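To start, the structure itself, in structure tokens.
Please read all numbers here as calculations on a predicted model, not as lab measurements. Below, each value reflects all heavy atoms present in this structure, side chains not excepted, and no hydrogens, waters or symmetry copies. Just so you know, residue 1 is the first one in the sequence shown, and it goes up from there.
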Amino acid sequence: MPATRPDVPETPGPCACGRLRRASRALTQLYDDAMADSGLRVTQYSLLRTLVREGTVRMTDLAHAHLLDRTALARTLDPLVERGYAGVAPGSDARTRVVSITPAGRAALAGAEQLWRRAQAEVAQRLGRDRFDNLIAVLADLETLHPGARARAPKGTP
């Protein structure tokens, strides 16, 4: 048994953040692989789904809905704009921009839907339905830890 050092506090087991980040990368890769034929990454798919659900939305609100800063949002959104799947326009004043899905974006989303559903079903099957449902509930609880999430309840983005 290794000796403990009195000057180093004992940790309560594995780091939740580290494990969740590794799990997130593994899960993202599973979805991205499953959706490769659609040309959309799961992060892009998620943004398009939000735009369908919310309609035209301010860039800041879209970032908040996904718990992203604007730079991270731009990394996901810019390729969608370049491919004509989303449009960005001036908002109600000079400081805001709004984002909306285009008809091409709706078509891309529809084309990816079945692939996303298969990935979702695979995760549920591999974990078991109860563990999958519990995972979704725990993740929703974890999202509330984000400072930006305290102001508004999560809307269930994929």
Side-chain angles (χ1 to χ4, degrees), residues 9-36 38 40-83 85-102 105-106 108-109 112-113 115-124 126-158:
E10 193 167 321
T11 60
C15 175
C17 184
R19 293 299 301 257
L20 186 57
R21 289 176 61 86
R22 286 189 299 277
S24 176
R25 286 190 291 274
L27 197 57
T28 297
Q29 191 65 57
L30 184 146
Y31 277 82
D32 283 348
D33 289 349
M35 297 175 64
S38 75
L40 290 176
R41 298 177 62 86
V42 70
T43 52
Q44 296 167 333
Y45 175 84
S46 179
L47 279 183
L48 291 176
R49 278 185 54 163
T50 299
L51 292 174
V52 165
R53 185 177 57 250
E54 300 292 329
T56 300
V57 63
R58 290 182 328 141
M59 184 88 72
T60 299
D61 293 337
L62 185 58
H64 287 171
H66 286 266
L67 301 180
L68 297 171
D69 60 44
R70 288 181 58 115
T71 301
L73 175 63
R75 280 194 304 269
T76 303
L77 183 60
D78 287 350
L80 296 174
V81 172
E82 289 169 12
R83 292 162 67 185
Y85 295 165
V88 178
S92 60
D93 62 49
R95 298 172 303 166
T96 61
R97 295 188 315 157
V98 294
V99 183
S100 58
I101 191 167
T102 66
R106 287 181 185 277
L109 186 63
E113 180 77 21
L115 298 172
W116 178 85
R117 286 184 185 279
R118 280 191 211 137
Q120 186 87 340
E122 179 181 347
V123 174
R126 289 173 75 172
L127 292 179
R129 191 74 215 178
D130 287 345
R131 289 178 65 205
F132 178 82
D133 291 342
N134 288 337
L135 173 64
I136 297 299
V138 168
L139 293 173
D141 288 344
L142 287 173
E143 287 176 16
T144 68
L145 299 175
H146 189 279
R150 293 185 188 124
R152 57 188 274 184
K155 288 192 169 189
T157 55

Could you walk me through whether L73 and L47 pass the side-chain contact (heavy atoms from CB on, under 4.5 Å) check?
-> CA-CA 9 Å; L73 175 63; L47 279 183; 3.8 Å; yes

Could you go through residues 88-96 and list every donor-acceptor pair under 3.5 Å that involves a side-chain atom there, pairing it with any protein atom two or more places apart or in another chain?
residue : atom : partner : partner atom : Å
D93     : OD1  : R95     : N            : 2.8
D93     : OD1  : T96     : N            : 3.2
D93     : OD2  : R95     : NH2          : 3.4
T96     : OG1  : S92     : N            : 3.4
T96     : OG1  : D93     : O            : 3.4

Taking every non-hydrogen atom, the tightest pair across G105 and L48 | O-CD1, 4.0 Å

What heavy-atom pair brings P79 and A74 nearest, and what distance separates the two atoms?
->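 Of all heavy-atom pairs spanning P79 and A74, the closest is CD-O, 4.2 Å.
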
Return the [atom1] to [atom2] distance between [X] and [Y], rounded to the nearest 0.5 Å.
| X | Y | atom1 | atom2 | value |
| --- | --- | --- | --- | --- |
| R49 | W116 | CZ | CH2 | 4.5 Å |
| R70 | R97 | CZ | CZ | 6.0 Å |
| L40 | Y45 | CG | OH | 9.0 Å |
| L62 | L68 | CG | CG | 8.0 Å |
| L139 | T144 | CG | OG1 | 11.0 Å |
| R117 | L115 | CZ | CG | 11.5 Å |

For residues 21-32, run the donor-acceptor check on the side chains, cut-off 3.5 Å, and write out each pair with its distance to 0.1 Å, sequence neighbours left out.
residue : atom : partner : partner atom : Å
R22     : NH1  : G18     : O            : 3.4
T28     : OG1  : S24     : O            : 2.8
Q29     : NE2  : D33     : OD1          : 2.7
Y31     : OH   : Q120    : OE1          : 2.3
D32     : OD1  : V42     : N            : 2.8
D32     : OD2  : R41     : NH2          : 3.0

Start with the C-alpha gap between L80 and I101, add the side-chain angles, then the distance that decides, and say whether side-chain contact (heavy atoms from CB on, under 4.5 Å) holds.
-> CA-CA 9 Å; L80 296 174; I101 191 167; over 6 Å; no

Pairing of R126 and E122 as salt bridge, 4.0 angstrom limit = yes

Is there side-chain contact between R83 and Q44, with at least one heavy-atom pair below 4.5 Å?
->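 Side chain of R83 against side chain of Q44, heavy atoms only: contact under 4.5 Å found.
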
Worked verdict on L77 versus M59 for side-chain contact (heavy atoms from CB on, under 4.5 Å) | CA-CA 10 Å; L77 183 60; M59 184 88 72; 3.6 Å; yes

